[in-house]
Protein chains: 2
Amino acid sequence: MRTDGDEVYPALAVSLSLSVASKTRQELIETGGNLCRRVGLPRSLGQIYGLLFLSNKPLTLEDIAAGLDISKASASVGTRQLASWGAVRQVWVPGSRRDYFEAIPEVAALLRKAYRDIVKPRLEAVQGRVEHLRTLLTEEREKGVIEAEEFEFCRSRLQILARFQKSLLSFAPWVDRFL
Amino acid sequence: MRTDGDEVYPALAVSLSLSVASKTRQELIETGGNLCRRVGLPRSLGQIYGLLFLSNKPLTLEDIAAGLDISKASASVGTRQLASWGAVRQVWVPGSRRDYFEAIPEVAALLRKAYRDIVKPRLEAVQGRVEHLRTLLTEEREKGVIEAEEFEFCRSRLQILARFQKSLLSFAPWVDRFL
DNA sequence: CACACCGTTCAATACGAATTGAACGAAGTA
DNA sequence: TACTTCGTTCAATTCGTATTGAACGGTGTG
């Protein structure tokens, strides 16, 4: 962790209450980070979730920053992002006025939610987009921008797309049933 | 397109045989690019596929570079990548010694292939990873790095993960049936 | 055999996005 | 009211990686 203000001890996560850096935790954090990076998400998200996922007790922002050696800022925005996705919960600890976080371990539920809240809406957006393209194409045909043959070709191609994402949308119930 | 060698005409895709830049094509290219970027892939891939997808006839690397205003190099690596995924096919055109490309429009089949060749193997890799973590954890327990309580906690958490991706893997047949 | 044409490669660059440090505000504490 | 303690914000920086330009090799052509 990089403290703001002056340094105390050179990067020793001394205040961290959990058994510092077991290899297991370390590796889960790493794979979590990689997993995120691969999907185009900030690696810190996966790391934070991984850290919390193997944490006995809720952790503070400082714990997280220290445990992952990232800045307090990153920890802040990261936890907020995760919380907005329901992957992390902010818990109240009576004595302290810090924010404590814990992972929500129901991974399957998280994935289901992700599908409903992110993938599916986006698919529907794409659906609208394809429709738009189809009307656009016929317009251009009427204006004579495109010749008949090419028009027909494009039309069939767009139809393929339309059919495709309709079948993708029909996935939704199956996803729900499975997870 | 930025030609190597000297310029001829200021960026007019004059040699491009398809009806230059219909709005429809334009937009599909754009959404294809965005789609890729969102998933963490180079946008040029989506653009190339989009261009070819609405193309009557096979296109050369130069056509692609010109049509998308990207470098010949990008077009080259992009088409190769797409071809390696089976999203694009290199066709032989008798008269010319250039490489011609056309899109493979069976999007559903492409997705199925992507699942089998990319997602599923990766899931299996993750499975191995989780197993590794579990043995690692018990090792650490035996060495006394972790106390009993925390060990039990982590163990249950890892088990959640294991169950989760096992159910993910059981998806495979369903994916095949659906697309 | 020289020459033009094409696709590939690779080091350099450009670009987007994640991460950071410092400043700030809110809320407790003495 | 001065002084910590925390979390947030935002401009600046860093970092990964997509993209490019130039050089190269290979293959037909005159």
Side-chain angles (χ1 to χ4, degrees), chain A residues 1-8 11 15 29 32-49 51 58-84 88 90-101, chain B residues 1-8 11 15 29 32-49 51 58-84 88 90-101:
Chain A
M1 154 179 163
R2 284 73 147 185
T3 104
D4 46 349
D6 31 11
E7 309 248 339
V8 189
S15 73
I29 290 172
N34 292 341
L35 212 67
C36 274
R37 207 166 40 101
R38 204 179 291 276
V39 194
L41 265 53
R43 86 179 320 146
S44 58
L45 291 186
Q47 298 183 139
I48 294 175
Y49 186 75
L51 177 62
L59 299 184
T60 71
L61 282 187
E62 289 219 7
D63 291 336
I64 296 173
L68 301 177
D69 190 49
I70 63 179
S71 72
K72 207 177 39 166
S74 285
S76 177
V77 307
T79 49
R80 192 139 40 100
Q81 178 78 284
L82 288 173
S84 83
V88 144
Q90 181 169 354
V91 304
W92 226 88
V93 169
S96 171
R97 51 190 181 81
R98 307 193 196 197
D99 296 349
Y100 284 82
F101 295 92
Chain B
M1 158 182 160
R2 285 74 148 184
T3 105
D4 48 347
D6 30 12
E7 309 246 340
V8 190
S15 74
I29 290 172
N34 292 341
L35 211 67
C36 275
R37 207 166 42 99
R38 204 178 292 274
V39 194
L41 266 54
R43 82 180 322 145
S44 59
L45 291 185
Q47 299 184 140
I48 295 175
Y49 186 75
L51 176 64
L59 299 184
T60 70
L61 281 187
E62 290 220 7
D63 291 335
I64 295 173
L68 301 177
D69 191 50
I70 63 178
S71 72
K72 207 176 39 166
S74 285
S76 177
V77 306
T79 49
R80 192 140 42 99
Q81 178 77 283
L82 288 174
S84 83
V88 144
Q90 181 168 355
V91 304
W92 227 87
V93 169
S96 170
R97 50 188 180 82
R98 308 196 198 196
D99 295 349
Y100 285 82
F101 294 92

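Just so it is clear, the model here is predicted, and its values are computed rather than measured. FYI, side chains are in, hydrogens and waters are out, and symmetry mates aren't considered; it's all heavy atoms of this structure.
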Novice: Quick one: CZ on B:Arg97 to CH2 on B:Trp92, what's the gap to the nearest 0.5 Å?
Specialist: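 It comes to 11.0 Å.
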Novice: I need the CD-P distance between B:Glu62 and C:dA4, as an integer number of Å.
Specialist: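 Between P of C:dA4 and CD of B:Glu62: 16 Å.
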Novice: With a 3.5 Å cut-off and just heavy-atom distances, do the side chain of A:Lys72 and the base of D:dG7 make a donor-acceptor pair?
Specialist: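 Looking at the base of D:dG7, it does pair with a donor or acceptor on the side chain of A:Lys72 (distance under 3.5 Å).
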Novice: Specify the closest pair of heavy atoms between A:Gly33 and A:Gln47, including all atoms of both residues, with the distance to one decimal.
Specialist: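 Nearest heavy atoms, A:Gly33 then A:Gln47: CA-CG, 3.9 Å.
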Novice: Please give, in whole Å, the distance from D:dG7 P to A:Trp92 CH2?
Specialist: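 To the nearest whole Å, that distance equals 13 Å.
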Novice: Could you tell me the separation between the CD1 atom of B:Ile64 and the P atom of C:dC6, rounded to a whole number of Å?
Specialist: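 Interatomic distance, CD1 of B:Ile64 to P of C:dC6: 14 Å.
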Novice: Can you check the A:Ile70 CD1 to D:dG7 P distance for me, whole Å?
Specialist: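 For the pair A:Ile70 CD1 and D:dG7 P, the rounded distance is 13 Å.
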Novice: Starting at CG of B:Asp63 and ending at P of C:dC6, how long is that distance when rounded to a whole Å?
Specialist: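 The distance from CG of B:Asp63 to P of C:dC6 comes to 11 Å, rounded to the nearest Å.
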Novice: Can you tell me how far C1' of D:dT9 sits from CD of A:Gln81, to the nearest Å?
Specialist: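 Taking atom C1' of D:dT9 as the reference, CD of A:Gln81 is at 16 Å.
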Novice: Kindly give the atom pairs (protein nitrogen or oxygen, nucleotide nitrogen or oxygen) under 3.5 Å for nucleotides 13-18 of chain D.
Specialist:
residue, atom, partner, partner atom, Å
D:dT17, OP1, A:Arg37, NH1, 3.2

Novice: Can you tell me how far C1' of D:dG21 sits from CG of B:Leu61, to the nearest Å?
Specialist: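 B:Leu61 atom CG is separated from D:dG21 atom C1' by 16 Å.
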Novice: Any side-chain N or O of A:Ser76 under 4.0 Å from OP1/OP2 of D:dG7?
Specialist: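 So the side-chain polar atoms of A:Ser76 never come under 4.0 Å of the phosphate oxygens OP1 or OP2 of D:dG7.
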Novice: Starting at atom CG of B:Asn34, determine the distance to atom C1' of C:dG16, rounded to an integer number of angstrom.
Specialist: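 It is 14 Å, rounded to the nearest whole Å.
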Novice: Please, which pairs that meet side-chain hydrogen bond (donor to acceptor under 3.5 Å, both in side chains) have at least one residue in residues 33-46 of chain A, sequence neighbours excluded?
Specialist: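 Pairs touching residues 33-46 of chain A that pass the test: A:Asn34-A:Arg43.
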Novice: With 3.5 Å as the limit, what N/O pairs link the protein to nucleotides 1-5 of chain D?
Specialist:
residue, atom, partner, partner atom, Å
D:dT5, O4', A:Arg97, NH2, 3.2
D:dT5, O2, A:Arg97, NH1, 3.3
D:dT5, O2, A:Arg97, NH2, 3.3

Novice: Could you tell me which non-hydrogen atom of A:Ile48 sits nearest to which non-hydrogen atom of A:Ser74, and how far apart they are?
Specialist: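 Here A:Ile48 and A:Ser74 meet closest at CD1-O, 4.4 Å.
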Novice: Please give me the minimum heavy-atom distance between B:Cys36 and B:Gly46, naming the atom from each residue.
Specialist: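 The answer is SG-N, 3.3 Å.
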Novice: If you compare all heavy atoms of B:Thr60 against all heavy atoms of B:Tyr100, which two are closest, and at what distance to 0.1 Å?
Specialist: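 Smallest heavy-atom distance, with atoms named: CG2-CE2, 3.3 Å.
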Novice: Calculate, to the nearest 0.5 Å, the distance between atoms CG and CG belonging to A:Asp63 and A:Leu68 respectively.
Specialist: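 With rounding to 0.5 Å, CG (A:Asp63) is 10.5 Å from CG (A:Leu68).
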Novice: Identify the heavy atoms of A:Leu45 and A:Leu82 that sit nearest to each other, and give their distance.
Specialist: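 Residues A:Leu45 and A:Leu82, closest heavy atoms: O-CD1, 3.6 Å.
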Novice: Please determine whether a side-chain nitrogen or oxygen atom of A:Ser74 lies at a distance below 4.0 Å from atom OP1 or OP2 of C:dT20.
Specialist: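 Yes, because at least one side-chain N or O of A:Ser74 sits under 4.0 Å from OP1 or OP2 of C:dT20.
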Novice: Given that A:Arg80 and B:Ala75 both sit by DNA chain D, which one's nearest nucleotide is further toward the 5' end?
Specialist: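 Residue closer to the 5' terminus by nearest nucleotide: A:Arg80.
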Novice: Minimum heavy-atom separation for A:Ala75 and A:Ile64, please, with both atom names.
Specialist: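 A:Ala75 and A:Ile64 have their closest heavy atoms at CB-CG2, 4.1 Å.
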